[in-house]
Amino acid sequence: MTTVTRFAPSPTGYLHVGNLRTALFNFLIARKAGGTFILRLDDTDPERSKQEYVDAIKEDLEWLGLTWDRVERQSERLDRYAAAADTLRDKGRFYECFETPTELDLKRKKQLNMGRPPVYDRAALALSEAEKDALRAERPGHWRFLLDQERIEWADGILGDVSIDAASVSDPVLIRGDGQVLYTLASVVDDTEMGVTHVVRGSDHVTNTATQIQIIRALGGSVPDFAHHSLLTGPQGEALSKRLGTLSLRDLRARGVEPMALLSLMARLGSSRPVELAADIDELAEGFDIDSFGAAPTKFDENDLMPLTARHLHGLPLGAVEGEIAALGVPDELAERFWSVVRENIETRADMADWWALCRDGATPEIDEADRDFVAEALTLLPEPPYTDATWGEWTAAVKEKTGRKGKGLFMPLRKALTGRARGPEMGDLMPLLQKKPG
């Protein structure tokens, strides 16, 4: 049977690292099995769903290389949800309720005060048709699924064997009073009709899964393999929920994080396997194993992304950055040298611009007061560009002979005078790129 997975974001905001974890796991399962990955937009809420977020979701996934085999929009499938609702009514598994939010809240508080779980009391099942008609005249009704009050069990791909007593769960509302189809019903209908075989999502959905398993069976569908990954926390175990806005994928992209750095971290974080920088998506998929993930909260530290980004860039061939180097104005004949010289001295692609500006325009010299006369004398011995591979060695030898300086006392002040930096590429390699002699 073909493996089918899906990622079903709501287009009500930008994707963040928490969303990415779900998207990536589902994508890698499908890619490894040669199956189908569906992008399914949960846009049944017309007020909150926006096209700009649909476009942003697609842009973020494309940036990461998480390409989908097909895209679906739940707003275009409302007839399928209506048909499923009719089926559930016919089977006696769907009933109309009329409590207001305030009335429901009062019921919950009363149950909690009595030491009982705040489960819906099914009062609507006792209403006569005349009572329902009278209530309909006052307010719209919402529709609940009638759970079989038995234990719901499944073998979870991450959590292991899960068992939930349906009697401890409220009959879920599937259609609101305003007619909006809610996630629980839409997701079940889509998973069933689209042949989804594996569902990976956050552990906050475990109770949803229990109720959805009963709905799937009531509709005659096949229950997919479920796996619930742990939720992300900050590096000290703090909740990430308040910070997810600053951990959006577009913000990480703007900060220069490389896709493979982000994907490599997220594909192993929370598993028993070490984080390793992968060369490409196929390598990630080949090494992905959902069984290696644990149930404990997973600590995410955004600071881990920059070293991985730098390592990824250090290993790139010229062809991967040739267009960007050309766009900086680096002459074609210098492109290969420029990349070989700077690539191990950058953290993000944006750093290339700083290095080319230094090569093209020169740097603001950094000169310690004790070295000022020494540097001034040394610069009189430096010829005008263009420089060669031999220039640095010849110049420093001449300066050493004239001033008597040697070792770090010779080389560091000259490096800082030419580059304005205490660290950087080998100066012998950098010199042929320098276009101007310091004034």
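When reading the values below, keep in mind they use all heavy atoms of this one structure, side chains included, and skip hydrogens, waters and symmetry mates.
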| request: Examine the side chains of S248 and D251 and answer whether a donor and an acceptor come within less than 3.5 Å of each other. | output: yes
task = Please step through salt bridge (charged side-chain N to carboxylate O under 4.0 Å, His left out) for the pair K32 and E286, ending with a clear verdict.
result = CA-CA 6 Å; K32 185 173 184 177; E286 188 58 36; 5.5 Å; no
The reported gap from CZ in F293 to OG1 in T298 (rounded to nearest 0.5 angstrom) is 8.0 Å
Q.
Looking at R349 and E258, is there a salt bridge between them, counting it only when a charged N and a carboxylate O are closer than 4.0 Å?
A. yes
**Prompt:** For the rings on H198 and F25, is their centre-to-centre separation under 6.0 Å?
**Reply:** no
*Lys/Arg-Asp/Glu bridge criterion (N-O < 4.0 Å) met for R40, D191*: yes
May I ask you to check whether S75 and D43 show a side-chain donor-acceptor distance below 3.5 Å?
yes
*asked:* If the threshold is 4.0 Å, N to carboxylate O, is there a salt bridge linking R80 and D190?
replied: no
**Report entry** Side-chain donor-acceptor pair present, S49, T12, cut-off under 3.5 Å
**Finding:** no
Taking atom types as modelled and ignoring hydrogens, do the side chains of T209 and R201 form a donor-acceptor contact shorter than 3.5 angstrom? yes
- Check ion pair D389-R337 (N to O, under 4.0 angstrom): yes
Among side-chain atoms of Y183 and Q74, is any donor-acceptor pair under 3.5 angstrom? no
Nearest heavy-atom approach of V257 to M306 is CG2-SD, 3.9 Å
Angle between ring planes, F411 versus W392, binned at 30° and 60°: parallel, tilted or perpendicular? tilted
Exactly one of T419, D371, T396 clears side-chain contact (heavy atoms from CB on, under 4.5 Å) with L414, and that residue is T396
Of V199, V200, V4, the one forming a side-chain contact (heavy atoms from CB on, under 4.5 Å) with I29 is V200
Can you find a pair of side-chain heavy atoms, one from E72 and one from L39, that are under 4.5 Å apart?
no
Please determine whether salt bridge (charged side-chain N to carboxylate O under 4.0 Å, His left out) holds for the pair D42 and R73, giving the CA-CA distance in whole Å, both sets of side-chain angles, and the decisive distance to 0.1 Å. CA-CA 7 Å; D42 178 2; R73 297 189 72 140; over 6 Å; no
Here the pair of heavy atoms bringing A278 nearest to E283 is CA-OE2, 3.7 Å
Q: Please check if the distance between the ring centroids of Y53 and Y14 is under 6.0 Å.
A: yes
query = Does one side chain, of S163 or R151, offer a donor that lies under 3.5 Å from an acceptor on the other?
reply = yes
Quiz item: Is D105 salt-bridged to K109, cutoff N-O under 4.0 Å?
Solution: yes
Problem - Heavy atoms of other groups near K400 NZ, more than 12 under 6.0 Å - result: no
So, W356 versus D354: side-chain donor-acceptor pair below 3.5 Å or not? no
*Determine whether the side chains of S203 and H229 contain a donor N or O and an acceptor N or O closer than 3.5 Å.*
no
- salt bridge (charged side-chain N to carboxylate O under 4.0 Å, His left out) evaluation trace for D289 with R273: CA-CA 9 Å; D289 181 8; R273 307 174 71 188; 5.3 Å; no
